[in-house]
Amino acid sequence: QVQLVESGGDLVQPGGSLRLSCAASGFIFSSYSMSWVRQAPGKGLEWVSSINSDGDSTTYVESVKGRFTISRDNAENMLYLQMNSLKPEDTAVYYCAPKEITGTYQRASYWGPGTQVTVSS
């Protein structure tokens, strides 16, 4: 079965950095474009970033451009999100998921629990 497990979230001060990881299993990871999405308290899911299957093409929501970097290691079935210059607005639960061609994301049964990122003084 498909399994996605996020990790790396933490409490960090504004301006700090975190590296999120997503361990994937149960599917041919290297065949799928992947995304990071997040959900802030009281808000809906927000797409953050995507990366193609080969890892040579990336996209980002405007608010994180220049601060976040998505990457992947297909040999290890791992997806990453390096987050620098974190802002309080980045506070959210972060999830990894196969990229949705529609651009709209809905939690699926195989999604992991997400990892909490809290940016606060």
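These figures come from a predicted structure and were not determined experimentally.
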Derivation and outcome, side chain to side chain contact (heavy atoms under 4.5 Å, CB included), residues Ser21 and Met78
CA-CA 7 Å; Ser21 298; Met78 294 290 291; 3.7 Å; yes
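Hydrophobic cluster membership is shared by Leu18 and Val61, with clusters built from Ile, Leu, Val, Met, Phe, Trp and Tyr side chains linked at under 4.5 angstrom. Val12 and Leu20 fall within a single hydrophobic cluster, where Ile, Leu, Val, Met, Phe, Trp and Tyr side chains are chained together by heavy-atom contacts under 4.5 Å.
Side-chain contact between Met83 and Val64: absent, with no pair of heavy atoms (C-beta onward) separated by less than 4.5 Å.
Annotation for Leu4 and Cys96: closest pair CD1-O, 3.5 Å, computed over non-hydrogen atoms. Summarising the geometry of Asp73 relative to Phe29, their closest heavy-atom pair is O-CE2, 4.1 Å, with the distance given to 0.1 Å.
Separating the CD atom in Glu76 from the OG atom in Ser30 is a distance of 12.5 Å, to the nearest 0.5 Å. To the nearest 0.5 Å, atoms CD (Gln82) and CZ (Arg19) are separated by 7.0 Å. Between atom CZ of residue Phe68 and atom CH2 of residue Trp36 there is a gap of 11.0 Å, rounded to the nearest 0.5 Å. One finds the NZ atom of Lys87 at 8.0 Å from the OG atom of Ser63 (value rounded to the nearest 0.5 Å). We find the CH2-OG1 distance between Trp47 and Thr104 to be 12.0 Å, quoted to the nearest 0.5 Å. Note: Gln1 CD to Phe27 CZ = 12.5 Å, rounded to the nearest 0.5 Å.
Using modelled atom types, one finds no donor on one side chain facing an acceptor on the other under 3.5 Å when comparing Asn52 with Ser33.
Other residues, nucleotides and ligands contribute only 12 or fewer heavy atoms inside 6.0 Å of the OH atom of Tyr32. The 12-atom threshold is exceeded at CD of Gln116, counting heavy atoms of other residues, nucleotides or ligands nearer than 6.0 Å.
A side chain to side chain donor-acceptor pair (under 3.5 Å) with Arg38 is found for one member of Tyr105, Tyr94, Tyr95 and no other, namely Tyr94.
Asn74 places no side-chain N or O within donor-acceptor distance of the main-chain N or O of Asp54, the cut-off being under 3.5 Å.
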